[in-house]
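Written out below as structure tokens is the structure these notes cover.
Chain letters run A, B, ... following the sequence lines, proteins first, then strands; residues in each count from 1.
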There are 2 protein chains.
Amino acid sequence: MSDALTRPTIDDIARASGVSKGTVSRVINGHSTVAERTRVRVQEVIARLDYTPDPAARNLSWRTGQTLGLSLDRDDPMLSPYQVLFRRALEAHTAPLGVQLLDLRADLTRLARLPSAVLVMHAVEGDPRLSFLQQQGVPAVLIGHHPESFWVAPDDEGGAHLATLQLLEAGHRHLAYLGVGPSQVAHDRQRGFERAARTVGASTQLLAADFTVLSGYRAVRRAWEAGVRFTGLFAQSDESAIGAVAALEDLGLNIPGDVSVVGFDGLPELPLPYSLTTVSQDIPRIASTALTLVGEAISGQRPRGEFIPVQLISGATVASAPGGSP
Amino acid sequence: MSDALTRPTIDDIARASGVSKGTVSRVINGHSTVAERTRVRVQEVIARLDYTPDPAARNLSWRTGQTLGLSLDRDDPMLSPYQVLFRRALEAHTAPLGVQLLDLRADLTRLARLPSAVLVMHAVEGDPRLSFLQQQGVPAVLIGHHPESFWVAPDDEGGAHLATLQLLEAGHRHLAYLGVGPSQVAHDRQRGFERAARTVGASTQLLAADFTVLSGYRAVRRAWEAGVRFTGLFAQSDESAIGAVAALEDLGLNIPGDVSVVGFDGLPELPLPYSLTTVSQDIPRIASTALTLVGEAISGQRPRGEFIPVQLISGATVASAPGGSP
DNA sequence: AATGGTCTTGTAACCGATTACAAAAAACTT
DNA sequence: AAGTTTTTTGTAATCGGTTACAAGACCATT
């Protein structure tokens, strides 16, 4: 018998819906041998009592636990804060399900045991990881826009467009994009930047950088010292934005008085004395969507993808352009 | 019956040692009501068959899983690579035990459920986390040297001494320490540096910095531009060493031709074109020692601490001092 | 030798699920 | 309407442990 203090068990569900444990179990696991009427009735009870199967009990029956692999694109330990947050968000969902998160090296061949499914970050065209997983029959979900697969991605181009508009609306006409690089993400964000800048004919400078603080710092400092000028900067990541801000400060410039800066990612608690204007990604939602897709992939449904909307967060690093008319 | 393909179960142990499941279970869980003779016999069998209890089955019996909290000293998501590696090393051990790792915020008060034990990183004198845990009766193990508690720590001072000796042996007599700051770790490493430098009367410069790349970059660049000179630099972390190298390069200096650099931590796969000379911490061993101590703390043994030795890794960032006699 | 108290061990129920198998119900046949 | 097949459901064993309780072994008293 279940009281208010203990979670309901499969027996509670069985009793409440007038069927046996076995039938409830079949409903839970989607076995086809259940009559439609009873299936619906049982599922209503499950929803009403807010029942979730005990992972320990399932693992015991199954004689093995479920695992979800997480395949990053690089092996180095300098995990970005974004990746750390993403992993945390995932874990928040998988832990209650008893699903173990596995950090996979970029090279997936010869794994001790294959995971039940894999989340592949930043897959590229013809990525060897994808063909390997397909060949092994392991369901995969990609983080990042990709055709013919299950995928989730933030709206990179839209977000970049949004960020750039913010600078344009503040009257800036001399813009710079920090983050030119080979990755898909860098591409999409650059495209959004250029599309926005083009609409009003603003001048654009393109600075090469990856996602790291140091790379942002060096690119901005070097460019500025070489005579490159701009009053509005859009950085492809919050980290490189931090580097940019530091570089500009070291050059004696005032933020946002002399240069306005917008970042991307929406990381909380940055090491900055003031708040960064940025495009916030809904990391928890990306993670939970990824898990939904994992479920669909496992049950063999048709591949689909989803863009997760982003949101502009106004901080203290954007001000009106010097002498500009907003 | 257990064959070679399946892990042994408690029944196999019981059969092989001629006792009942119950007795084996009592041995495993250290219940005192087992005769010394049988306890030894059972444990021999357990060791011989390499038996580990199935976590799912235990969790099912206990009606709750075991959790290990990990309390970092800050809440921001910019987890350092060191912390990422440490967490991974921990997970490699806890996962097979079915122990869930919990990321705790720096503020431990009002947790939904208290973890079975907590690993506290970088506790300071009179840390509120410690008193809270003690009051709640949650066993704690500290990462970092600390009296009157369970603790593990790398040999920070010894490692710093080692690193500095490396510079001295290469003939450097104008040294700098990068990393002056308020943390215990920064203190210990600085002390090791100064102790070594003092033995030969080398000149020492002290540069303030935390553990990050950017902070290393800015400190070194600013100092050098202010006229501070040195030919050998010891950085308290690999990350700040990377920043230092970048700064020196941007200043037109050659590494290690003009300045030799030694880091600390021994991170693998750094974003550097050449290998960094560094003091490597044995992170896996720190992690496994921490878990051993957790076990001791839970079973109420007397608090003890352990220093884990470090090791110098020779890379390509140390060369003989210009004109120096090694 | 019978009594009583400690220690130590075995027995069996239980944790919360899954699933093979059998039984019951429903749907067709002829 | 009786017999067959198919669909749906219940029953009971099972996964690998823990633990309350009972029973057995051992020892010291009287």
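The base of D:dG16 is not paired with the side chain of B:Thr9 by any donor and acceptor separated by under 3.5 Å. For C:dG10, the base has no donor-acceptor partner in the side chain of B:Lys21 [N/O atoms by modelled type, under 3.5 angstrom]. A donor-acceptor contact under 3.5 Å links the side chain of B:Arg26 to the base of C:dG10.
A salt bridge links A:Arg39 to A:Glu36: at least one charged side-chain nitrogen sits closer than 4.0 Å to a carboxylate oxygen. With salt bridges taken as basic N to acidic carboxylate O contacts below 4.0 Å, one links B:Asp103 and B:Arg87.
Within the nucleic acid shown, B:Val24 has no heavy atom closer than 4.0 Å to any nucleic acid atom. Nucleic acid contact class of B:Thr52 (heavy atoms, under 4.0 Å, all strands): sugar-phosphate only.
When the nearest nucleotides of DNA chain C are assigned to B:Ser32 and B:Arg63 by heavy-atom distance, the more 5′-ward of the two goes with B:Ser32. Residue order along DNA chain C, read from the 5' end via each residue's closest nucleotide, puts B:Ala35 first among B:Ala35 and A:Asp54.
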B:Arg129/B:Asp127 under salt bridge (charged side-chain N to carboxylate O under 4.0 Å, His left out): CA gap, chis, key distance, verdict = CA-CA 5 Å; B:Arg129 296 177 290 172; B:Asp127 199 303; 3.1 Å; yes
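One can place CG of A:Asn59 at 14 Å from C1' of D:dG17, the figure rounded to the nearest angstrom. Computed from coordinates, the A:Trp62 CH2 to D:dG16 P distance equals 16 Å when rounded to whole Å. Rounded to whole angstrom, the span from the CZ atom of B:Arg37 across to the C1' atom of C:dT9 amounts to 14 Å. Nucleotide D:dT18 holds its P atom 12 Å from the CG atom of A:Leu60, rounded to whole Å. One atom, CZ of A:Arg58, and another, P of C:dT18, lie 5 Å apart when rounded to the nearest Å. Note: NE2 (B:His31) to P (D:dA20) measures 9 Å, nearest angstrom. Distance B:Arg39 CZ to C:dT8 P: 11 Å, rounded to the nearest Å. What separates CD1 of A:Ile10 from C1' of D:dG10 is a distance of 13 Å, to the nearest Å.
In terms of modelled atom types and a separation under 3.5 Å, the side chain of A:Arg7 and the main chain of A:Thr52 share a donor-acceptor contact. Side-chain atoms of A:Ser131 come within 3.5 Å of backbone N or O of A:Pro128 as a donor-acceptor pair.
Regarding contacts with the backbone of C:dG10, a side-chain N or O of B:Thr23 is found under 4.0 angstrom from either OP1 or OP2. At D:dT9, none of the side-chain N or O atoms of A:Ser20 fall inside 4.0 Å of OP1 or OP2 (strictly under the cut-off). For B:Ser61, no side-chain nitrogen or oxygen approaches OP1 or OP2 of D:dT18 to under 4.0 Å. For the pair A:Asn29 and C:dT18, the criterion of a side-chain N or O lying under 4.0 Å from OP1 or OP2 is met.
Nearest to the side-chain atoms of B:Ser25 among the listed nucleotides C:dT19, D:dT18, D:dG17 stands D:dT18.
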